[in-house]
Amino acid sequence: MTDETQTVAALDARVRRREERRDFFRAFGAVAAVGTGLALTSCGGNDDNSPTPTPSGTPTPTPTPTATNSSGFTDLDVLNFALNLEYLEAQFYAFAANGTGLAATLLTGTGTAGTVTGGKKANLSDPIVANYAREIAQDEVAHVEFLRNALGTGAIAMPNIDISATATSAFSNAARAAGLIGQGATFDPYENDDNFLLAAFLFEDVGVTAYRGAMGGIANALIRQAASGILAAESYHAAMIRSALYMRGLTTPTLIDSTEAISKARDDLDGASDIDQGVRPIGDQSNIMPFDSTTGLPYGRTTGQVLNIAYLNRNTVTTGGFFPAGVNGAIKSSAAN
């Protein structure tokens, strides 16, 4: 067998494994929580590679609310909070990778239905980065499908989302807060590979810490299992983005500097604790997985801290940043820092 044939065979096998993994993840939604009233229906089993698959069948009835956790919110409130974040990530990656956002059938639900401002196909010249973008886009769309089917008719609608590239957009304001651009300048996450990766870095670490922080407050074992599955997927995504930035940063050190600046900006928003890390090596080790050195586990954030970053505001507010009119659902407010 020639080297070229071996390479093609390896790539074909990788694609098959990835599709099998996603089919399993979608099929996981078919299980039901006995005695809780929560029914998780299948998120569909499409075999194609469409970036915006549509859910099949009729949504499940609204589940009976689970007991409230220590925060005063139900487990279903937490899932709807996560759905807001998945809408944001899915729209960004779907546009960046494919030039189109989520299908209209994946945007409806309770609360005020919103629209997406901005979003376009990114100018990705590095085939590895482009492949990462397409893979993560497909995963994030699957997460939206999964949560919407899990929540049934209780799923929230997509709120207003800003993923535009203007001087006053959320991306530009975030980049300006990190010191990456000056007053009146624009940060365009779709302009090139490096900008796309930095924008993805802004989202991915927050997604991991959001699910990690929510895990301890989820009472229902099945919901906790579902959330842990998405946490694992988000962790893979974060590692992909962090690894790409680290490798590219070896020849373009300003990229690593930019991750540190974004990390500091997130820390400034979410409170006094210094839990955020860029990708600068620590001694003779890389820093792909930021974790608590006392436990070896990733850090977690409260919902309020997550919204501090999403709203780009360290104070208690209910709108701003990537969600100009706020999020939908019961969990709406950022924390007071």
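Nothing here was measured: the structure is a model prediction, and the numbers come from that model.
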- With Pro159, which of Thr115, Thr319, Asn84 fulfils side chain to side chain contact (heavy atoms under 4.5 Å, CB included)? Asn84
- Considering all heavy atoms, the nearest Gln91-Val116 contact: NE2-CG2, 3.3 Å
- Between Arg248 and Asp126, is there a salt bridge with N-O shorter than 4.0 Å? yes
- Do the side chain of Glu86 and the main chain of Val141 share a donor and acceptor less than 3.5 angstrom apart? no
- In terms of side-chain heavy atoms, does Thr100 have a donor or acceptor partner in Asn98 at a distance below 3.5 Å? no
- Task: Could you pull out the closest heavy-atom pair between Asn328 and Ala157, with the gap in Å?
- Result: ND2-O, 2.9 Å
- Query: Among Leu197, Asp194, Leu250, which one satisfies side chain to side chain contact (heavy atoms under 4.5 Å, CB included) with Leu255?
  - Reply: Asp194
- Without swapping roles, check the side chain of Thr259 against the backbone of Val279 for a donor-acceptor pair under 3.5 Å. yes
- Item | Worked check of side chain to side chain donor-acceptor pair (under 3.5 Å) between Thr108 and Arg148 | CA-CA 9 Å; Thr108 59; Arg148 284 176 58 84; 3.2 Å; yes
- Query: What distance separates Phe322 CZ from Leu312 CG, expressed to the nearest 0.5 Å?
  - Reply: 5.5 Å
- Query: Checking side-chain contact (heavy atoms from CB on, under 4.5 Å) for the pair Ile163/Leu88: CA distance, chi angles, key distance, verdict?
  - Reply: CA-CA 8 Å; Ile163 51 172; Leu88 173 61; 3.8 Å; yes
- Task: Say whether, by atom type as modelled, one donor and one acceptor occur between the side chain of Arg242 and the main chain of Ile288 under 3.5 angstrom.
- Result: yes
- Examine Phe203 together with Phe92 and report whether their ring centres are nearer than 6.0 Å. yes
- Query: Does the pair Asn160 and Phe323 meet the rule for a side-chain contact (heavy atoms from CB on, under 4.5 Å), with working shown?
  - Reply: CA-CA 6 Å; Asn160 284 320; Phe323 296 103; over 6 Å; no
- Task: Classify the side-chain pair Ser235/Arg212 by whether it contains a donor and acceptor separated by less than 3.5 Å.
- Result: no
- Does a side-chain N-to-carboxylate-O contact under 4.0 Å join Arg266 and Asp270? no
- Message: How close do Val306 and Val206 get, counting heavy atoms only, and between which atoms?
- Response: CG1-CG1, 4.0 Å
- Could you tell me whether a side-chain N or O of Ser172 sits under 3.5 Å from a main-chain N or O of Thr168, the two making a donor and an acceptor? no
- Query: At their closest point, which heavy atom of Asn337 faces which heavy atom of Asn308, and how far apart are they?
  - Reply: ND2-OD1, 2.7 Å
- Query: Do you know which two heavy atoms are closest between Leu202 and Ala174, and how far apart they sit?
  - Reply: CD2-CB, 4.0 Å
- Query: How about Glu234 and His143: does a side-chain donor come under 3.5 Å of a side-chain acceptor?
  - Reply: yes
- Message: Can you tell whether the side chains of Asp188 and Lys120 come within less than 4.0 Å, N to carboxylate O?
- Response: yes
- Task: Output the distance between atom CG (Asn315) and atom CG (Leu269), rounded to the nearest 0.5 Å.
- Result: 9.5 Å
- Just checking, any donor-acceptor pair under 3.5 angstrom between side chains of Asp77 and Thr74? yes
- Query: In terms of heavy-atom contacts, does CE of Met289 have more than 12 from other residues, nucleotides or ligands at under 6.0 Å?
  - Reply: yes
- Heavy-atom closest pair, residues Ala244 and Tyr132: CB-CE1, 4.0 Å
- Evaluate side-chain contact (heavy atoms from CB on, under 4.5 Å) for Asn131 paired with Ile128, printing each intermediate quantity in order. CA-CA 5 Å; Asn131 286 342; Ile128 295 176; 5.6 Å; no
- Query: When you look at Glu140 and His237, which way does the side chain to side chain donor-acceptor pair (under 3.5 Å) test go after all the steps?
  - Reply: CA-CA 10 Å; Glu140 296 298 352; His237 296 167; 3.1 Å; yes
- Task: Would you check if the side chain of Tyr311 reaches a backbone N or O of Val317 as a donor-acceptor pair within less than 3.5 Å?
- Result: no
- Message: Hydrogens and angles aside, do Asn287 and Gln277 bring a side-chain donor and acceptor to less than 3.5 Å of each other?
- Response: yes
- Query: Does the separation of the ring centres of Phe73 and Phe81 fall below 6.0 angstrom?
  - Reply: no
- CE of Met247 to OG of Ser286, rounded to nearest 0.5 Å, is 10.0 Å
- Message: Determine whether a donor-acceptor pair (N or O, by modelled atom type, separation under 3.5 Å) exists between the side chain of Thr186 and the backbone of Ala167.
- Response: yes
- Using 4.0 Å as the upper bound for N to carboxylate O, is an ion pair formed by Asp276 and Lys264? no
- Message: Under a 3.5 Å cutoff, is there a donor and acceptor pairing between the side chains of Ser125 and Asp193?
- Response: yes
- Message: Do Tyr211 and Arg301 pair up side chain to side chain, a donor and an acceptor below 3.5 Å, judged on atom types alone?
- Response: no
- Query: Can you tell me how far OH of Tyr236 sits from CG of Asp139, rounded to the nearest 0.5 angstrom?
  - Reply: 11.5 Å
- Task: Examine distances only and state if a side-chain atom of Ser164 and a backbone atom of Ser169 form a donor-acceptor pair shorter than 3.5 Å.
- Result: no
- Query: Which value, rounded to the nearest 0.5 Å, describes the distance between Leu106 atom CG and Asn149 atom CG?
  - Reply: 9.0 Å
- Given side-chain contact (heavy atoms from CB on, under 4.5 Å), test Phe201 with Ile262 step by step and report yes or no. CA-CA 8 Å; Phe201 172 74; Ile262 292 171; 3.8 Å; yes
- Item | Gap between atom CG of Leu151 and atom CG of Asn80 - 0.5 Å precision | 4.5 Å
- Query: If only atom types and distance count, is the side chain of Lys121 paired as donor or acceptor with the main-chain N or O of Ala97 below 3.5 Å?
  - Reply: yes
